[in-house]
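Remember, predicted model here, so these are calculated numbers, not experimental data.
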Amino acid sequence: HEIAHQWFGDGATEADWPHLWLSEGFATYLTEVYLERRYGTPRLRENMAQAREQVVGFLRQTPLPLVDTVTANVSEMLTANPYQRGAWVLHMLRQRVGDGAFFDGLRRYYAAHGYQPDGTAGPNATTDDFRRAMEASSGQNLRTFFDQWTRRSDVPRLATTHRYDARRRQLVVTVHQTQPGAPFAFPLAVDVGGSRRTLDVRQRRQTFRIPTRTRPATVVFDPDTALLFEAAP
């Protein structure tokens with residue numbers, strides 16, 4: 001974590017405290033990237049699942065956006081919000097754009113805002129600066145992604161159900177977003193008896209029909225621990 005800060009935090013520094021996740025979220029997630037490379041993907045998934053529990057627990061008590069313009073006392077910002085939640089935004093961004101564009105985007109961002117070839121420091125950065133670097137590397141418009149994951153004070157709260165339609169040979173899956181705010185837009189992976197499908201979730205309640213010749217033995221939502229959400233009771 002502290003080694004990663006040599007690049008993100010000490011080198012590329014946030015412009016102001018509301019953008020603290022640009023250092024703490026980065027150091028937290030890059031620690032997980034190291035552990036993934038060292039011990040394998042299951043270690044990353046296990047740690048991100050634990051981080052998700054921390055984020056959900058924090059937001060239940062203190063609903064705040066990731067770009068926190070509300071908290072005045074800087075010491076009160078040192079929570080799961082910029083650390084684990086920031087790491088989760090990077091984790092989802094990596095799934096969204098792919099490894100090549102993700103790591104290229106980190107390099108672009110650091111080249112623009114970190115230590116320069118002449119040894120001077122680059123300009124301090126905002127969340128929008130990071131977004132623009134990732135857009136340049138991926139060729140994608142990421143404004144909606146960044147707005148919903150860094151500017152909102154909540155995360156999706158999901159209730160999922162499924163049943164097998166034997167006549168049509170389909171698994172009928174319903175995803176219901178129960179958080180008070182507007183629906184989020186996100187991909188939700190589901191493992192249907194060992195076969196992966198991705199659902200494009202955009203509405204408060206959506207029903208999907210997945211062809212399957214037989215009743216699946218297992219149905220697992222978010223099998224790769226790729227989405228930040230709270231499971232609805």
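With hydrogens and angles left out, the side-chain atoms of His19 and Thr127 include a donor and acceptor closer than 3.5 Å. For the residue pair Thr207 / Thr174, a side-chain donor-acceptor distance below 3.5 Å is found, with atom types taken as modelled. In summary, the side chains of Ser75 and Asn73 do present a donor paired with an acceptor at a separation below 3.5 Å, with no hydrogens or angles considered. Of the N and O atoms on the side chains of Glu14 and Ser23, at least one donor lies less than 3.5 Å from an acceptor on the other residue. A donor-acceptor contact under 3.5 angstrom links the side chains of Asp118 and Thr120, judged on distance only. Judged by distance alone, the side chains of Trp21 and Thr150 never bring a donor and an acceptor atom under 3.5 Å apart. For the residue pair Arg157/Gln179, the side-chain donor-acceptor check at 3.5 Å is not satisfied.
If you chain together ILVMFWY residues whose side-chain heavy atoms come under 4.5 Å of each other, Tyr39 ends up grouped with Tyr34, Leu35.
If you take OG1 on Thr62 and CG on Leu64, they are separated by 6.0 Å, rounding to the nearest 0.5 Å. Here the CG-OG1 distance, from Asn47 to Thr225, works out to 10.5 Å after rounding to the nearest 0.5 Å. Going from atom CD of Glu46 over to atom CG of Leu44 covers 10.0 Å, rounded to the nearest 0.5 Å. To the nearest 0.5 Å, atom CG of residue Leu199 and atom CD1 of residue Ile210 are 5.0 Å apart. The structure places CZ of Phe221 at 4.0 Å from OG1 of Thr160, a figure rounded to the nearest 0.5 Å. Residue Phe184 holds its CZ atom at 9.5 Å from CG of Leu227, rounded to the nearest 0.5 Å.
By the rule that hydrophobic residues join a cluster once side-chain heavy atoms approach within less than 4.5 Å of another member, Val220 and Leu228 end up as members of separate clusters. The hydrophobic cluster containing Leu106 also contains Met92, counting ILVMFWY residues as joined when their side-chain heavy atoms lie under 4.5 angstrom apart, directly or transitively. Two different hydrophobic clusters hold Met77 and Tyr29 under the rule that ILVMFWY side chains link at heavy-atom gaps under 4.5 Å.
With His162 contributing its side chain and Val172 its backbone, the two residues share no donor-acceptor pair below 3.5 Å. The backbone N or O of Glu135 lies less than 3.5 Å from no partner atom in the side chain of Gln140, so there is not a single donor-acceptor pair. Side-chain atoms of Gln206 come within 3.5 Å of backbone N or O of Arg202 as a donor-acceptor pair. Of the possible donor and acceptor atoms, none in the side chain of Asp154 sits under 3.5 Å from a partner among the backbone N and O of Pro63.
In this structure, Arg37 satisfies the cation-pi test against Phe103, with its NZ or CZ atom closer than 6.0 Å to the six-membered ring centre and inside 45 degrees of the ring normal.
Across His5, Gln84, Arg85, a single residue satisfies side-chain hydrogen bond (donor to acceptor under 3.5 Å, both in side chains) together with Glu24, and that is His5.
Under the 30°/60° scheme for interplanar angles, the aromatic rings of Tyr83 and His1 are found to lie parallel. Using the six-membered ring where Trp is involved, Phe146 and Phe130 have ring planes that are perpendicular, over 60° apart on the 30 and 60° scheme. Relative orientation of the Trp149 and Phe145 rings is tilted, given thresholds of 30° and 60° on the angle between their planes.
Ion pair Asp147/Arg152 not flagged as a salt bridge, since none of the NZ, NE, NH1 or NH2 atoms sits closer than 4.0 Å to an Asp/Glu carboxylate oxygen. Between Glu36 and Arg94 there is a salt bridge, with a side-chain nitrogen of the basic residue lying less than 4.0 Å from a carboxylate oxygen of the acidic one. A salt bridge links Asp222 with Arg52: the closest approach of a Lys/Arg side-chain nitrogen to an acidic carboxylate oxygen falls below 4.0 angstrom.
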*Would you sort out whether Arg108 and Asp104 count as a salt bridge (charged side-chain N to carboxylate O under 4.0 Å, His left out), showing the intermediate values?*
CA-CA 6 Å; Arg108 284 175 180 263; Asp104 179 68; 2.9 Å; yes
*Test salt bridge (charged side-chain N to carboxylate O under 4.0 Å, His left out) applied to Arg60 and Glu230, step by step*: CA-CA 10 Å; Arg60 284 176 184 162; Glu230 176 182 2; 3.0 Å; yes
*Please assess Val190 against Val219 for the test side-chain contact (heavy atoms from CB on, under 4.5 Å), listing each intermediate value before the final yes or no.*
CA-CA 7 Å; Val190 57; Val219 177; 3.8 Å; yes
*Decide side-chain contact (heavy atoms from CB on, under 4.5 Å) for Leu142 and Arg132; before the verdict, give the C-alpha distance in whole Å, the side-chain angles of both, and the deciding distance to 0.1 Å.*
CA-CA 8 Å; Leu142 297 171; Arg132 285 188 283 267; over 6 Å; no
*Trace of the side-chain contact (heavy atoms from CB on, under 4.5 Å) decision for Phe229 with Val155*: CA-CA 6 Å; Phe229 71 98; Val155 296; 5.6 Å; no
*Tell me, with the steps shown, if Asp129 and Arg131 meet salt bridge (charged side-chain N to carboxylate O under 4.0 Å, His left out).*
CA-CA 5 Å; Asp129 290 323; Arg131 172 181 58 79; over 6 Å; no
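No more than 12 heavy-atom neighbours from other residues, nucleotides or ligands sit within 6.0 angstrom of CZ on Arg143.
In plain terms, the two heavy atoms of Ala4 and Leu30 that are nearest each other are CB-CB, 4.2 Å. In plain terms, the two heavy atoms of Ala189 and Pro223 that are nearest each other are O-CD, 3.5 Å. Scanning all heavy atoms of the two residues, the minimum distance from Ser153 to Leu59 falls at O-CD2, 4.1 Å. Closest non-hydrogen pair, Val55 versus Ala80, comes out as CG2-O, 4.2 Å. Contact detail for Ala226 and Trp88: the closest heavy-atom pair is C-CZ3, 3.5 Å. Nearest approach of Ala133 to Gly105, heavy atoms of both residues: CB-O, 4.0 Å.
The shortest distance between side-chain heavy atoms of Leu171 and Arg209 does not fall below 4.5 Å. Within the 4.5 Å cutoff, side-chain heavy atoms of Leu90 are placed close to those of Phe102. Taking 4.5 Å as the limit, every side-chain heavy atom of Phe8 sits out of range of all side-chain heavy atoms of Leu22. By the 4.5 Å heavy-atom criterion applied to side chains, Pro183 and Arg204 are counted as neighbours. Side-chain contact between Leu78 and Leu20 is present, with heavy atoms from C-beta onward closer than 4.5 Å. Between Met134 and Tyr109 there is no side-chain heavy-atom pair separated by less than 4.5 Å. Phe186 has its side chain out of reach of Gln95: every pair of non-hydrogen atoms, C-beta onward, lies at least 4.5 Å apart. Taking 4.5 Å as the limit, some side-chain heavy atom of Tyr110 sits within range of a side-chain heavy atom of Tyr115.
Pairs of residues two or more places apart, or lying in two chains, that qualify as salt bridge (charged side-chain N to carboxylate O under 4.0 Å, His left out) and include a residue from residues 179-193 are Asp191-Arg196.
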